[in-house]
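Report on one structure; see the data block that follows.
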Amino acid sequence: MLLAHAHSPYAWQADVDTTVVVPALSLLYLNAVGRLGAPRWRIACFAGAMALLAIAFWTPLHHLGLHYLLSAHLLQNVILAEWAPLFGVLGISTAMAETLARFRPWRVLTHPAVALPLWLVSYFAWHVPPVYDAALERQAWLIHVEHACYFATGLLVWWPLVQDVPRRLPSGARAGYAFAAFVLASPIGLLLALLPKPIYDFYVDQPRRIWGLSPLVDQEIAGVTMASEQALVLFVVFLYWFRRFLHEEGAI
């Protein structure tokens with residue numbers, strides 16, 4: 001098992017993958033903007049996605065999550081699986097989406113009946129205690145697979161909600177989709193908040209405690225944070241599309 005580093009827990013520890021991935025994605029996007037164009041607000045959204053990835057992996061949050069606090073690691077995962085993908089998908093212009101839609105695998109993967117299950121399977125599978133601990137103990141490679149799964153499935157799950165290509169879902173369907181994501185993903189955070197003992201041995205075995213938090217309290221904070229974040233983000237998206245649905249039906 002990897003032991004916590006002896007130096008400051010607030011170290012700025014750049015992640016090798018994102019040090020390559022963020023510039024690479026930025027260059028690809030700028031190339032796409034040059035060829036296909038994009039409104040300024042979409043460019044700003046994509047820049048926000050890259051900024052979120054930088055915060056998640058180039059600040060002390062990364063070091064705290066990998067060595068000390070479950071709550072820090074779950075916040076990092078939330079950024080990677082939900083916030084950054086949302087802004088990334090919002091950054092894709094219609095012309096870019098139409099280009100991607102030419103590829104049949106992309107059309108299949110972004111279908112709501114495929115995207116949502118893939119996102120849920122990724123979230124649940126990586127939070128199974130033996131799998132979660134294994135990723136933290138194999139930070140040379142397995143943790144990067146975990147992060148890649150979160151980000152990739154995050155892009156897929158947001159696509160049907162904010163893009164109209166390759167298929168434009170009715171507002172009512174988008175509201176139902178967002179609500180389903182909210183309801184089906186919520187058990188993870190709720191379980192972590194309510195379980196009577198810590199379930200991730202990696203954090204239990206760390207010799208140094210940060211901010212006086214016991215492993216159980218850290219887990220409870222992580223669960224409450226995750227559940228609250230999903231309730232806020234996904235429920236707000238649901239309310240937006242539900243209001244659009246009511247307006248289209250003449251109910252408001």
Side-chain angles (χ1 to χ4, degrees), residues 21 25-53 78-124 148-186 229-252:
V21 169
L25 289 176
S26 299
L27 289 173
L28 285 172
Y29 184 76
L30 289 174
N31 180 60
V33 170
R35 291 188 299 107
L36 302 170
R40 289 183 179 178
W41 72 269
R42 289 198 181 274
I43 296 173
C45 285
F46 191 85
M50 297 301 100
L52 284 168
L53 290 179
V78 162
I79 292 173
L80 191 62
E82 298 177 36
W83 301 354
L86 171 59
F87 282 96
V89 173
L90 284 171
I92 302 299
S93 68
T94 301
M96 295 177 192
E98 289 173 345
T99 300
L100 288 170
R102 296 173 188 169
F103 301 96
R104 187 174 185 278
W106 186 254
R107 296 197 301 272
V108 172
L109 289 171
T110 55
H111 191 285
V114 177
L116 181 56
L118 284 177
W119 181 70
L120 290 169
V121 166
S122 177
Y123 239 141
F124 278 90
C149 289
Y150 282 144
F151 188 65
T153 57
L155 292 173
L156 297 178
V157 80
W158 284 116
W159 196 273
L161 279 168
V162 300
Q163 288 288 346
D164 296 332
V165 179
R167 60 191 61 82
R168 182 186 180 92
L169 295 182
S171 296
R174 296 190 191 197
Y177 179 88
F179 188 75
F182 164 64
V183 170
L184 295 173
S186 59
E229 174 276 332
Q230 289 177 337
L232 177 63
V233 175
L234 290 170
F235 198 67
V236 165
V237 173
F238 159 74
L239 287 177
Y240 171 81
W241 286 113
F242 187 64
R243 181 177 175 81
R244 284 278 299 268
F245 168 72
L246 294 177
H247 180 74
E248 291 167 2
E249 294 297 315
I252 57 174

Q: Begin with the C-alpha distance, continue with both residues' side-chain angles, and end with the deciding distance and a verdict on side-chain contact (heavy atoms from CB on, under 4.5 Å) for Val233 and Trp83.
A: CA-CA 9 Å; Val233 175; Trp83 301 354; 4.0 Å; yes
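- In summary, the aromatic rings of Trp119 and Trp158 are positioned with their centroids too far apart to meet the 6.0 Å limit.
- Note that CE of Met50 is 11.5 Å distant from SG of Cys45, once rounded to the nearest 0.5 Å.
- Atoms NE2 and CG, from His111 and Leu116 in turn, are 12.0 Å apart once rounded to the nearest 0.5 Å.
- Proximity of Val236 to Tyr240: side-chain heavy atoms (C-beta onward) are nowhere separated by under 4.5 Å.
- In this structure, Leu234 CG and Leu184 CG are separated by 10.5 Å, a value rounded to the nearest 0.5 Å.
- Between Trp159 and Trp106, the angle of the ring planes goes over 60°, which puts this pair in the perpendicular group of the 30/60° scheme.
- Here the closest non-hydrogen pair linking Ala185 and Gln230 is O-OE1, 3.4 Å.
- For residues 154-182, the pairs satisfying salt bridge (Lys or Arg N to Asp or Glu O under 4.0 Å) are Asp164-Arg168, Asp164-Arg174, with sequence neighbours left out.
- Across all non-hydrogen atoms, the minimal contact from Ser122 to Cys149 is OG-CB, 3.6 Å.
- The side chain to side chain donor-acceptor pair (under 3.5 Å) search around Glu248 returns Ser171, not counting sequence neighbours.
- For the atom pair CG (Leu169) and OH (Tyr177), the distance works out to 8.5 Å, reported to the nearest 0.5 Å.
- Using a 4.5 Å cut-off on side-chain heavy atoms (C-beta onward), Leu86 and Glu82 make no contact.
- Between the CG atom of Leu53 and the CZ atom of Phe151 there is a distance of 5.0 Å, given to the nearest 0.5 Å.
- Distance check: Phe46 CZ to Met96 CE gives 8.5 Å after rounding to the nearest 0.5 Å.
- Here the side chain of Thr153 pairs no donor or acceptor atom with the backbone of Leu118 at under 3.5 angstrom.
- Counting heavy atoms from C-beta outward, Pro85 and Val157 have side chains that stay 4.5 Å or more apart.
- Here the side chains of Leu246 and Phe242 are in contact, with some heavy-atom distance below 4.5 Å.
- Inter-residue side-chain proximity for Pro170 and Phe245 is flagged as unmet; no heavy-atom pair is nearer than 4.5 Å.
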